[in-house]
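Okay, so here's the structure we're looking at.
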2 protein chains.
Amino acid sequence: MAGGATRAQIVAAADRLFYEQGFEHTSFTAIAEAVGLSRGNFYYHFKSKDEILAAVIGCRVEATRAMLRQWEDEAAGPAERIRRFIRIVETNGADIRDYGCPVGTLTAELAKLRHPSRPEATALFTLFRDWLRAQFTALGRARDADELALHVLAFSQGVAALANAFGDQDFVRREVERQEAWLAALDS
Amino acid sequence: MAGGATRAQIVAAADRLFYEQGFEHTSFTAIAEAVGLSRGNFYYHFKSKDEILAAVIGCRVEATRAMLRQWEDEAAGPAERIRRFIRIVETNGADIRDYGCPVGTLTAELAKLRHPSRPEATALFTLFRDWLRAQFTALGRARDADELALHVLAFSQGVAALANAFGDQDFVRREVERQEAWLAALDS
DNA sequence: CAGTGTCTAGGACGAGCGTCCTAAGATGAT
DNA sequence: ATCATCTTAGGACGCTCGTCCTAGACACTG
């Protein structure tokens with residue numbers, strides 16, 4: 001069915017534009033131009049802009065789940081998996097420098113807009129939080145696993161915010177090294 | 001001159017609204033209602049919305065400078081001054097939980113909007129960065145003072161982002177303790 | 001070939017936006 | 001009291017927004 005493909009194209013274009021320009025600043029016209037469709041036609045696929053947002057968030061949830069699954073398959077142990085997460089601010093360095101963290105900036109914007117879909121955006125954070133907590137638990141830190149998970153999550157948010165503000169890649173690299181050293185020192 | 005007072009009232013109201021709702025989402029009408037003036041009259045005080053933003057940023061720069069000066073007066077040494085900064089995420093806990101960091105969220109929004117005033121917003125970060133670097137230098141860490149300053153800045157941004165997302169004050173308290181322990185361990 | 005359901009283009013619609021103008025009120029000096 | 005200046009209210013303007021309607025193109029089925 002070609003409709004499903006068109007819908008997926010719309011979601012993909014909206015996903016990128018919401019990331020680069022923010023949700024509110026992105027208009028139907030901009031998404032339509034990106035996909036190459038007429039503006040009015042959107043109503044056939046989505047009844048409102050909020051519905052596109054919901055689809056985008058759902059798409060991101062799925063992509064995040066897939067990425068975490070892949071990390072579990074590829075990485076040897078929990079420590080290596082956590083390192084994968086820590087390095088993500090360096091792996092996606094260019095995008096983060098230009099547009100910040102996709103999860104963090106969307107969550108912050110929806111909070112200011114008091115948007116109904118805010119909890120769904122926060123759930124993206126929870127996805128990482130739960131996954132990290134599981135890794136720290138496997139690392140033998142069941143007692144403070146959630147606290148450590150939030151700490152690593154906060155690290156990534158802080159680094160992303162400053163990387164975006166100052167555009168400094170060296171800073172990102174240094175902070176990743178520091179955080180990896182912190183992780184290595186956890187064992188002892 | 002009453003005009004100066006009115007102008008200051010407008011800037012104060014806009015400052016708060018930009019913080020709570022974001023710059024783009026805040027309309028002239030909303031600011032006018034907050035101040036109790038007619039919408040059209042704004043053109044007498046500010047030629048455009050961007051001009052209000054510039055005034056708001058300038059106001060925040062001045063307030064930040066005053067706060068940093070006060071910390072220098074009140075706090076005993078550089079370590080205590082840095083602790084003041086670290087604790088700010090707890091001191092302003094309620095606002096940060098509801099609206100995030102004023103500097104971080106504004107910088108992120110203006111980056112997405114590609115707004116001309118973005119450098120001025122980033123300068124707010126630089127204000128803290130330079131001040132922290134000076135404190136770390138006074139602490140005898142001249143060699144890596146800037147790196148340490150950015151690290152502390154990243155801490156505050158990360159904590160603010162997650163505090164806003166999850167609304168968890170205990171998390172903030174724990175992270176402040178952790179960061180203070182990190183600072184205390186720097187001496188040795 | 002007729003008909004049916006899927007998908008699309010194009011534009012109308014009311015609302016809200018930032019901007020800008022104009023006339024009138026307030027204030028103070030002469 | 002008169003006048004110039006500062007400050008205000010109210011609304012018009014053109015534009016873009018999200019929303020929604022309608023007519024037709026297209027592909028597939030009987």
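Lettering follows sequence order; numbering is per chain, from 1.
Dense packing is recorded around CZ of B/R114, with more than 12 heavy atoms of other residues, nucleotides or ligands lying under 6.0 Å away.
Here C/dT19 presents its C1' atom at 13 Å from CD of B/E51, a figure rounded to the nearest Å. The NE2-C1' distance, from B/H45 to D/dT8, rounds to 8 Å in whole Å. Between the CG atom of B/N41 and the C1' atom of C/dT22 there is a distance of 13 Å, rounded to whole Å. C/dG18 atom C1' lies 11 Å from atom CD1 of B/I31, rounded to whole Å. Rounded to whole Å, atom C1' of C/dT19 lies 12 Å from atom CD1 of B/I52.
Sequence order on DNA chain D of the closest nucleotides to A/F42 and B/G40 puts B/G40 first from the 5' end.
The residue from A/R83, A/R81, A/R84 that alone fulfils the side chain to side chain donor-acceptor pair (under 3.5 Å) condition with A/Q135 is A/R81. No option in B/E80, B/E175, B/E177 other than B/E80 meets the salt bridge (charged side-chain N to carboxylate O under 4.0 Å, His left out) test with B/R87.
Axis orientation changes by 10° from one end of the helix from C/dG3-D/dC28 to C/dT30-D/dA1 to the other, with each end axis drawn from 5 pairs and the value rounded to 10°.
Candidate nucleotides C/dA9, C/dT8, D/dT7 were compared by shortest atom distance to the side chain of B/Y44, and D/dT7 ranks first. Comparing D/dC20, C/dT8, D/dT7 by their closest approach to the side chain of A/L37 singles out C/dT8.
A close approach under 4.0 Å does not occur between any side-chain nitrogen or oxygen of A/Y43 and OP1 or OP2 of D/dT19.
Judged by distance alone, the side chain of A/K49 and the main-chain N or O of A/T26 form a donor-acceptor pair under 3.5 Å.
You'll find the side chain of B/I31 reaches within 4.5 Å of the side chain of B/I10, heavy atoms only.
Ring orientation note: the planes of B/F23 and B/H115 are nearly perpendicular, at an angle over 60° on the 30°/60° scale. Under the 30°/60° scheme for interplanar angles, the aromatic rings of B/F128 and B/F85 are found to be tilted.
With a 6.0 Å cutoff to the six-membered ring centre and a 45° limit on the axis angle, B/R60 does not count as a cation-pi contact of B/F18.
With sequence neighbours left out, the side-chain contact (heavy atoms from CB on, under 4.5 Å) criterion links A/A154 to B/L162, B/F171.
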Legend entry - Contact pattern, 5' to 3', of nucleotides 12-18 of chain D - B, S or - by protein heavy atom under 4.0 Å: B----SS
